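Worksheet: one structure, shown below.
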Protein chains: 4
Amino acid sequence: MEALVIHSPGDLRVENIPAPAVGTGQIRVRIRTGGICGSDLHYYQHGGFGAIRIQQPMVLGHEVAGVVEAIAPDVQRVRVGDRIAVCPSHPCGTCRFCQQGLQNHCLDMRYFGSAMRMPHVQGAFRQEMVVGAAQAYPLAPGVSDAEGAMAEPLAVALHAVNRAGPLLGRKVLVTGCGPIGAMVVIAARRAGATTIVATDVVEQPLRKVAKVGADEVINVAQAPEQLARYAQDKGQFDVLFEASGNERALRAAFDVVRPRGVVVQLGLSGSELTLPFNTVVAKEFDLRGAFRFHEEFGVAVDLINQGLVDLKPLVSATLPYRDAGRAFALAADRTQSMKVILDFE
Amino acid sequence: MEALVIHSPGDLRVENIPAPAVGTGQIRVRIRTGGICGSDLHYYQHGGFGAIRIQQPMVLGHEVAGVVEAIAPDVQRVRVGDRIAVCPSHPCGTCRFCQQGLQNHCLDMRYFGSAMRMPHVQGAFRQEMVVGAAQAYPLAPGVSDAEGAMAEPLAVALHAVNRAGPLLGRKVLVTGCGPIGAMVVIAARRAGATTIVATDVVEQPLRKVAKVGADEVINVAQAPEQLARYAQDKGQFDVLFEASGNERALRAAFDVVRPRGVVVQLGLSGSELTLPFNTVVAKEFDLRGAFRFHEEFGVAVDLINQGLVDLKPLVSATLPYRDAGRAFALAADRTQSMKVILDFE
Amino acid sequence: MEALVIHSPGDLRVENIPAPAVGTGQIRVRIRTGGICGSDLHYYQHGGFGAIRIQQPMVLGHEVAGVVEAIAPDVQRVRVGDRIAVCPSHPCGTCRFCQQGLQNHCLDMRYFGSAMRMPHVQGAFRQEMVVGAAQAYPLAPGVSDAEGAMAEPLAVALHAVNRAGPLLGRKVLVTGCGPIGAMVVIAARRAGATTIVATDVVEQPLRKVAKVGADEVINVAQAPEQLARYAQDKGQFDVLFEASGNERALRAAFDVVRPRGVVVQLGLSGSELTLPFNTVVAKEFDLRGAFRFHEEFGVAVDLINQGLVDLKPLVSATLPYRDAGRAFALAADRTQSMKVILDFE
Amino acid sequence: MEALVIHSPGDLRVENIPAPAVGTGQIRVRIRTGGICGSDLHYYQHGGFGAIRIQQPMVLGHEVAGVVEAIAPDVQRVRVGDRIAVCPSHPCGTCRFCQQGLQNHCLDMRYFGSAMRMPHVQGAFRQEMVVGAAQAYPLAPGVSDAEGAMAEPLAVALHAVNRAGPLLGRKVLVTGCGPIGAMVVIAARRAGATTIVATDVVEQPLRKVAKVGADEVINVAQAPEQLARYAQDKGQFDVLFEASGNERALRAAFDVVRPRGVVVQLGLSGSELTLPFNTVVAKEFDLRGAFRFHEEFGVAVDLINQGLVDLKPLVSATLPYRDAGRAFALAADRTQSMKVILDFE
């Protein structure tokens, strides 16, 4: 079977890897689609991010959908032939955090295509994969494989929205309109936000986000005053989703979020941030980190299956996995692409 | 000016009443539509509910929309000619509860068409009305007057949803499919619930509710076993909205709400309820009352104005206010009507 | 080894039972003290409560402390000779609720001395017991065995307090001054409540509760007007802990709890309750059930070990386990006793 | 009447100022004691902090207690001769934030001795003062004037504790042991924290804090490894109160606070802070600003009056107000003083 293996920055190879056997409680999946994520790009471009670096060859990828090819005798959750989204998260279930319902902080987490631990957890950009049956979420008939692959980033967005608390009737600002920011816009609309403003410094993603639900988009590189309008009375937004990891974005947002506003930080950044922390004190922000997800993966698949969200407009291009280099270059170009999908068939 | 004045059960008269002057901070509104509410019906049929009884003639009505006819010189919020929904709630702003942001518990509340205090607060089923400018919420161009009149019951439903906490991804049961129950279904969908099941004992409202967003409707008089399916593993619903005020509805729901589930009680009942309270203890329900609304009125108008909810299917009939008797009889017949609208023009 | 075995109402025998072997992850405890709980009394007096009835002989008891006599080779948490409080709760760790951090709702719970499942889970009123090492909580040097045995009911009270949310600066009413009500008073004081009023219909427990922290005690059988003073402005208490399971207690409290007040129901009752539910709606109570505990057992032991609570005044009498009949009779007499402790040595 | 008026950094004068008349709803207070706060020191040493600078002569002081000398005819809350703590906060009551119960974010706040607005709000270090009756909180007989003056900083600490949510059974870290940090320790203990560790870089305040309730104190300048012990399993503390405004304190604490831990930032800093924000994301901290207080002032007085907290050990020295220069120098020397009290009699 073939897989996309990263060896070092820029060195992404199509390689043959052995197909593992199906153990108790497991299933074998024929992968059909995979979405390229920002972290995949970081491994490809820079060999990692922050302290997390590739130290051994690793199969990339954690946003995938496919077809169940085989199941262990004890598996009841899915049947052979089912089309599924694959959840890349595999918490231990027994550690202190798992027993508190905080599985995304598991002390022994295995997450596909992540160099956080040694040996690395191999990823899902491959033709076949063996996963736990509990990681399989069946897709409804009308749902495309690409939509299935996007359940993972949608789960990230839903988790951020859950971290914010109820959004019904709230005024929401989203800074950063990459795929995650775009999905936060979609999730915030689904959760009942009445005003959604999105900002970025690149025009193309803003245009896309305007189409999937934002009431207003602002290019803060060109028209920062459009955002500054919202600063009156100590700030007009109830909730900020910061999805850019950019210090200036967060700083500008501090002025337009109201006292006791909620700031959900989900964007990671390449370096430390320097911020006017006295504003956090004086306006009593609730600043909450959002990291991955847990039960939100199932919710993401439910929302997609029921047609309660529409992610299709976010797909910019679909390329065969053997053109990975071209696909990754495209995914890295924000003027051209939002979500790039790899086709493994 | 004419108004609909209730004198005693069944004695609802079209009467001439004087038009009040416009004071500081006030506006005069020409009422165009009014929705008949369950409490209007109680006054009409029984002279009140519980300890609240009509003790003097009272203009009925608190769900209205109209056109601004005149404004005091200091008013800036609206202009003459604006089409508005009128918020019937007028808290004092200074009592202990108003200063805590709990205006719906104001110690000196004035609420249109309510016999809770003496003298009663006169209602809004009339041709003209003077209200505080802060009670006026402009309607967007495409929004009908009937939709404007329904901002009030929608606010009640939104308040119930807010009391429940976040609904994104939650499994929701709504018991009782009158206008409020129906709007809870609409609001729960808007807030991101992934499963919504609604129950009633009358077929017609169930059919209506299936059209506005419920995933499944159950006639618990005919097929209680359909609801009982959800009892497995101590209960499958995360949230119950009890909008019937019916003891049997609440009792049946206790079996299908999961431990630590949220039960929002918004239906009032004609008598005390006898309940297996040990279940509340053993399943650790969070049982929360929901009463009227405050900031949700503005949210209701926003959602209607932006087309984020569609209330139009709930209107069963529109009758001239001079046919009030017929309108009230129709509103009381659940096999024929959901929301009955009075036309004041 | 001897144990206290209930066969039917009133038929409690001292019997010889076999001593189980110590398995992996387990320890053997020599039980030194056991507290008689209300549920033990119900089994003894009535053979159970509600639908839960003794169907086979069962060792009673779940509030115990003792000394570690032996440990399995893999156990590191405690050592032979340690004095410990024994947690009677053993959730499965893997079910839906355990994985959400709601272990007290475990679908496969084993709780000492409970007839909720068949075969019953045998209890802890015995000379020796084998338990999981995770159920052992070491006691600090100065702490008595009786205090150790009271960690369990304190955990129940702490869980109720946790269900109420923060109490710092809150005005608290406790209805029902049995051992649990008394411990709620102690826990509420520890959590920072500024006003604590406790009610009962028996004088002796009220006097006791006044000594352990209540600012005011009211005998509502004799002086209901003392409680009614708190009804002004829709009610003065922020939080009610209902620990009596008595309908009249809850009904009277409805008048003195403020709108949006929190009502924690932890008392179970012998029958269904009839209540003015419209008050729950109109005052928007947050009525929350509280059932057993989970992490609170460890917190209870910490508070006792650090001297942050003092439970010693609650012990009414200590009797040898062979005088169980007398001990149970005493425990059942509220004019004579608060907490009765059995001595197993 | 004499008052302490700041003109520019270091220029603090005892000046005669006119005594204002008592208007409707007001009272005149003879000030007896005043506590020197960190912000008083900043005005004295640097002429302000951040963007807030003295632009005109201003009476300093906002932590005071005194005796009611006169009351307007309509005042019922206090009587002449009452000893009171004076709340320095006077929100407008009608703005958007006041109506949400967020009075500390009032758009038209008047806070004694603050240069935040022009003209500045004159302070309370003076012999007589006219305040609103609602700002007066009677002291219990045994409570000293100095304790009354400390109700204000205790209210700040209580507000921080309220921002953290329930502390019962929680493990708490307090960084920065000035008067506010010390009162956070006292408040956290009162609220039921089971472990309280406090850090500073100066030995004397640490010793003081160990006496008022901290279980462990760590001089992080000398023994940072003592704090680092708590980093295991992603961090052992549930809640951090950051009361130093020091970047290194916050940074070190990030390692020892557990995932989903709460970080309450109440210390202000002289400059912006540079922080590893990815840690906030990856550990999903809830980072909450805490600014002043509202209802906590009354709670502070209640706790002091009932003897539920003991602030007396925090008073380092009491000096006559005419020795203000010496008192301010002493207050600025952390090796010598915790809270310095001015005597106005």
Side-chain angles (χ1 to χ4, degrees), chain A residues 49-52 95-97 100-108 116 159-160 163 165 232-236 242-243 245-247 250-251 254 258-293, chain D residues 49-52 95-97 100-108 116 159-160 163 165 232-236 242-243 245-247 250-251 254 258-293:
Chain A
F49 39 93
I52 301 161
C95 75
R96 169 187 170 210
F97 296 109
Q100 290 176 4
L102 302 175
Q103 284 82 352
N104 59 332
H105 297 292
C106 172
L107 294 172
D108 193 26
M116 283 183 92
H159 183 67
R163 287 287 287 150
Q232 71 191 34
D233 283 1
K234 300 193 181 182
Q236 293 295 307
E242 206 302 291
N246 185 293
E247 182 180 296
L250 195 48
R251 189 181 284 268
F254 276 12
R258 69 169 176 82
R260 284 283 175 99
V262 173
V263 176
V264 177
Q265 179 70 33
L266 68 165
L268 292 164
S269 54
S271 60
E272 304 201 330
L273 303 187
T274 302
L275 292 165
F277 236 60
N278 286 358
T279 304
V280 174
V281 176
K283 295 180 85 167
E284 293 196 314
F285 287 148
D286 276 13
L287 202 163
R288 303 171 188 165
F291 182 65
R292 294 178 178 164
F293 53 82
Chain D
F49 40 92
I52 300 160
C95 75
R96 170 187 169 212
F97 295 108
Q100 290 176 4
L102 302 175
Q103 284 83 354
N104 59 331
H105 298 291
C106 172
L107 293 172
D108 193 26
M116 283 184 92
H159 183 67
R163 288 287 285 151
Q232 69 191 36
D233 283 1
K234 298 192 182 182
Q236 293 294 308
E242 206 302 291
N246 185 292
E247 183 180 297
L250 196 47
R251 188 180 286 266
F254 276 13
R258 70 170 177 81
R260 284 285 176 96
V262 173
V263 176
V264 176
Q265 179 70 35
L266 67 166
L268 292 164
S269 54
S271 60
E272 304 201 329
L273 303 187
T274 302
L275 292 165
F277 236 59
N278 286 0
T279 304
V280 174
V281 177
K283 294 180 84 168
E284 293 197 315
F285 287 148
D286 276 15
L287 202 164
R288 303 172 188 164
F291 182 65
R292 291 177 180 166
F293 53 83

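Computed from a predicted structure; not experimentally measured. Chain identifiers are assigned alphabetically (A, B, ...) following the order of the sequence lines, protein sequences preceding nucleic acid strands; residue numbering begins at 1 within each chain. Computed from heavy atoms alone, side chains included, the values below leave out hydrogens, waters and symmetry copies.
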Check the pair L102(A), E284(D) against side chain to side chain contact (heavy atoms under 4.5 Å, CB included), reporting the backbone distance first and the verdict last.
CA-CA 10 Å; L102(A) 302 175; E284(D) 293 197 315; 5.8 Å; no

Intermediate values then yes/no, side chain to side chain contact (heavy atoms under 4.5 Å, CB included), K234(A) and R96(D)
CA-CA 11 Å; K234(A) 300 193 181 182; R96(D) 170 187 169 212; 5.7 Å; no

To the nearest 0.5 Å, tell me how far [X] [atom1] sits from [Y] [atom2].
| X | Y | atom1 | atom2 | result |
| --- | --- | --- | --- | --- |
| L250(D) | F277(A) | CG | CZ | 5.5 Å |
| Q232(A) | L107(D) | CD | CG | 10.5 Å |
| Q100(A) | R258(D) | CD | CZ | 5.5 Å |
| H105(D) | D233(A) | NE2 | CG | 14.0 Å |

If you count heavy-atom pairs under 4.5 Å between each of R163(D), K283(D), Q265(D) and chain A, which one has the most?
R163(D)

If you tally heavy-atom pairs under 4.5 Å against chain A, which of G267(D), C95(D), S269(D) wins?
S269(D)

What residue, out of V263(A), T279(A), N278(A), has the most heavy-atom pairs lying under 4.5 Å from chain D?
N278(A)

As an exercise: rank L275(A), V280(A), L268(A) by heavy-atom pairs under 4.5 Å with chain D and give me the winner.
L275(A)

Structural part of F97(A) lying under 4.5 Å from a heavy atom of chain D
side chain

Contacting moiety of E247(D), where chain A heavy atoms sit under 4.5 Å
neither

Under 4.5 Å to a heavy atom of chain A? For R292(D) that would be neither

